[in-house]
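Here the structure is laid out as structure tokens; the discussion comes afterwards.
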Amino acid sequence: MTDREPRGGDALDREFDEALALAKDQGTYQRRPETRPERPERPERPEWTDPWDPTPQGAAPQDAASQSRALREPPSPDPALHDPAFPDPALHDPTATATDRARPPQGPGPTSPAPAHHRPGTPWPDARAIAARAPRKSRPSPTTTLNGTPLARPLAEALGHVLAAPLTALTDLPSFDTSAMDGWALAGPGPWRLPAAGHSILAGHAEADPLPDGHAIRIATGARVPPGATAVLRTEHGTAHGTAGDGWLYAAPAHPVSPGQDIRPRGQECRSGDLLLPAGALITPVILGLAAAAGYDELPTVPRPRVEILVLGDELLRQGLPHDGRIRDALGPMLAPWLRALGAEPLATRRLADDAEALYEAVAGSPADVVLTTGGTAAGPVDHVHPTLRRLDAELLVDGVAVRPGHPMLLARLAPDKHLVGLPGNPLAAVSGLLTLAEPLLRTLTGRPTPTPCPAPLTAAVHGHPRDTRLVPVVFRGDEARPLRFNGPAMLRGVAVADGLAVIPPGGADRGSEVEILDLPWSTAWPAT
Ligand SMILES: Nc1nc2c(c(=O)[nH]1)N[C@H]1C(S)=C(S)[C@@H](COP(=O)(O)OP(=O)(O)OC[C@H]3O[C@@H](n4cnc5c(N)ncnc54)[C@H](O)[C@@H]3O)O[C@H]1N2
Ligand code: MOO
């Protein structure tokens, strides 16, 4: 139904309520008015409206009528795609009500100290660098790998692990001159004399007798080409004449034979000893295949860093629909497979109540190399992560990052070989923390190299925060990155369909400007072995 069609009052009210609830979650109160010509030109990059900043630059209030009109707009055909004509939901407090927005700003007086949550945080690139260096610092003499002695794993158990040593070919590939087609092996120019019926060379057999000049013999794809053969003629390009034992083979005039045709020479792909892959490669199904082809039965792998996930929050439900102010735990199901895709071994996902003692005991007693907490990073009454770290005398390496969403994320060293990554509870903020702190930390622990930055131009301008980096879900359209809507801190709807997250520098990025894209590691997210 569009807003032009007549509707009954009840339906209208219901739709309005639904739309209002949706918009509250998406922060889409400032959608374009219906009468577009009257709308003043929106500047390319409007002022950042910090949801937590009580200064007069907050979002301008809208009158109820225009909100109601805007909320009745029909949905975009691809609702996850960013519409540059709409303000970006991430720029607004997804939890603020229209009344909140209309309220005049109530900032602290000029002499008030900056609240803790206004601390600028570590710049985003620095936070990533600190996370990547954190394990190195704690390992004065790394041996073969950063995470201990390499483990030889049978190919069937190596998927998703990281190669601890370069993969060098143990054989030439192919290891003999191979027929690439079903047909005849030929020696010299034709026509060619054929042997008696029943003589042929099949794959999987030892070397055949030499083929004399002027002779041909049937050969199968993958069979060893006999010594003396100069080419292979495909079945469909030749005709055999004569009787058994006195036959002749002719090439079709349209398919003259050239020397070497349809023969894969020994060593065409690699020679024994050639480097196929560097150490640090994440073992994919194709790598398993390549390793097998190159002669491996097992692979040297880096021991996986063990991660324990602690999901905090009394309000979280493990099943069913949200009710009575409680919501579903969106992070518990997501984190273990994601961490596996980053080369880690998730030991357990534990749900903890908002209880300081329980958190202390869980962190202090965790056998993991990395403890990953979700929620409780801010300064609320039940946010126990900071107090727990203080109690454990942990070294805070990163305490807040200048990134949106996710700025309360943190990284702490609990012991020389034990770290804690604190992810904020808002789901997209947690994803941001995962990519900003957990990914570089695990990359170093698994001995994987820093990925080469892969910038892409944006199909639309993206608003920036004045001081902080933004991470915005994008999809690729050809070589370009298209920003997605539903990128608010509590939303997974955008990132669920994203190819990656665009790194928007402070101040924003214009349409066409190249920005770094953080990959999402789905292609490697197979179950751990
Ligand atoms: N006074 C301030 N309050 C907040 C600030 C601030 O700077 N000053 N920062 C806000 C930001 S930004 C974020 S992000 C959150 C981070 O909060 P916590 O890490 O303490 O997380 P919680 O308060 O526990 O939860 C926040 C939010 O996320 C929901 N949540 C938590 N866990 C899950 C989960 N597993 N699945 C789905 N949703 C989850 C939770 O219910 C809350 O709605 O703090 C802001 N506050
Ligand atoms: O903006 Mo928070 O860091 O909701 O993610």
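Counting from 1, the numbers follow the sequence of the chain as shown. For ligands, and for the atoms within them, numbers begin at 1 and follow the listed sequence. These numbers were taken from a predicted model, which means no experiment stands behind them. The figures here come from the full heavy-atom set of this structure, side chains too, leaving out hydrogens, waters and symmetry mates.
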Among L492, L339, T374, side chain to side chain contact (heavy atoms under 4.5 Å, CB included) partner for M334 = L492

Short version for P427: what comes under 4.0 Å of ligand 1, heavy atoms counted, is side chain

Run the contact test for P424 against ligand 2 with a 4.0 Å cut-off on heavy atoms, strictly below, and give the result.
-> no

Please say whether A429 places an N or O atom under 3.5 Å from an N or O atom belonging to ligand 2.
-> no

Does the side chain of N487 come within less than 4.5 Å of P473's, by heavy atoms?
-> yes

Please check if the side chain of S432 supplies one atom and the backbone of P405 the other of a donor-acceptor pair under 3.5 Å.
-> yes

Side chain of R304, backbone of A344: donor and acceptor closer than 3.5 Å?
-> yes

Looking at P427, G406, G425, S432, the heavy atom closest to atom 5 (O) of ligand 2 belongs to G406

Please state which part of D383 comes within less than 4.0 Å of ligand 1, counting heavy atoms only: side chain, backbone, both or neither.
-> side chain

Please check if the side chain of H386 supplies one atom and the backbone of T377 the other of a donor-acceptor pair under 3.5 Å.
-> yes

Under 4.0 Å between heavy atoms, the region of H407 that gets near ligand 1 turns out to be side chain

Ligand 1 N/O within reach of P408 N/O, cut-off under 3.5 Å = no

From CA spacing to verdict: salt bridge (Lys or Arg N to Asp or Glu O under 4.0 Å), R328, E315 | CA-CA 8 Å; R328 284 291 297 273; E315 76 278 29; over 6 Å; no

If you measure only the distance, is there a donor-acceptor pair under 3.5 Å linking the side chains of R128 and T436?
-> no

Please state which part of A378 comes within less than 4.0 Å of ligand 1, counting heavy atoms only: side chain, backbone, both or neither.
-> both

Just distances here: any N/O of L423 and N/O of ligand 1 closer than 3.5 Å?
-> no

Among E315, M334, M409, closest by any non-hydrogen atom to atom 41 (O) of ligand 1 | E315

Between D369 and K418, is there a salt bridge with N-O shorter than 4.0 Å?
-> no

If you measure from the Lys or Arg side-chain nitrogens to the Asp or Glu carboxylate oxygens, is any gap between R350 and E308 under 4.0 Å?
-> yes

Intermediate values then yes/no, side chain to side chain contact (heavy atoms under 4.5 Å, CB included), I517 and V503 = CA-CA 6 Å; I517 308 289; V503 180; over 6 Å; no

Testing L442, T446, L441 for side chain to side chain contact (heavy atoms under 4.5 Å, CB included) with P135, which one passes?
-> L441

Considering distance alone, does some N or O of H407 sit under 3.5 Å from an N or O of ligand 2?
-> yes

Where on V311 is there a heavy atom closer than 4.0 Å to ligand 1, on the side chain, on the backbone, on both, or on neither?
-> side chain

Contact atoms of ligand 2, heavy-atom distance to P489 under 4.0 Å = 1 (O), 4 (O), 5 (O)

Relative to atom 14 (S) of ligand 1, which among V382, V385, N426 owns the nearest non-hydrogen atom?
-> N426

Per-atom contacts of ligand 2 with N426, taking only distances under 4.0 Å to non-hydrogen atoms | 4 (O)

Out of A429, P405, G433, G425, whose heavy atom is nearest to atom 25 (O) of ligand 1?
-> G425

With heavy atoms only and a cut-off of under 4.0 Å, state how P424 meets ligand 1: side chain, backbone, both or neither.
-> both

Report, in ascending order of atom number, the atoms of ligand 2 lying under 4.0 Å from any heavy atom of P408.
-> 3 (O)

What atoms in ligand 2 come closer than 4.0 Å to a heavy atom of P405?
-> 1 (O), 3 (O), 5 (O)

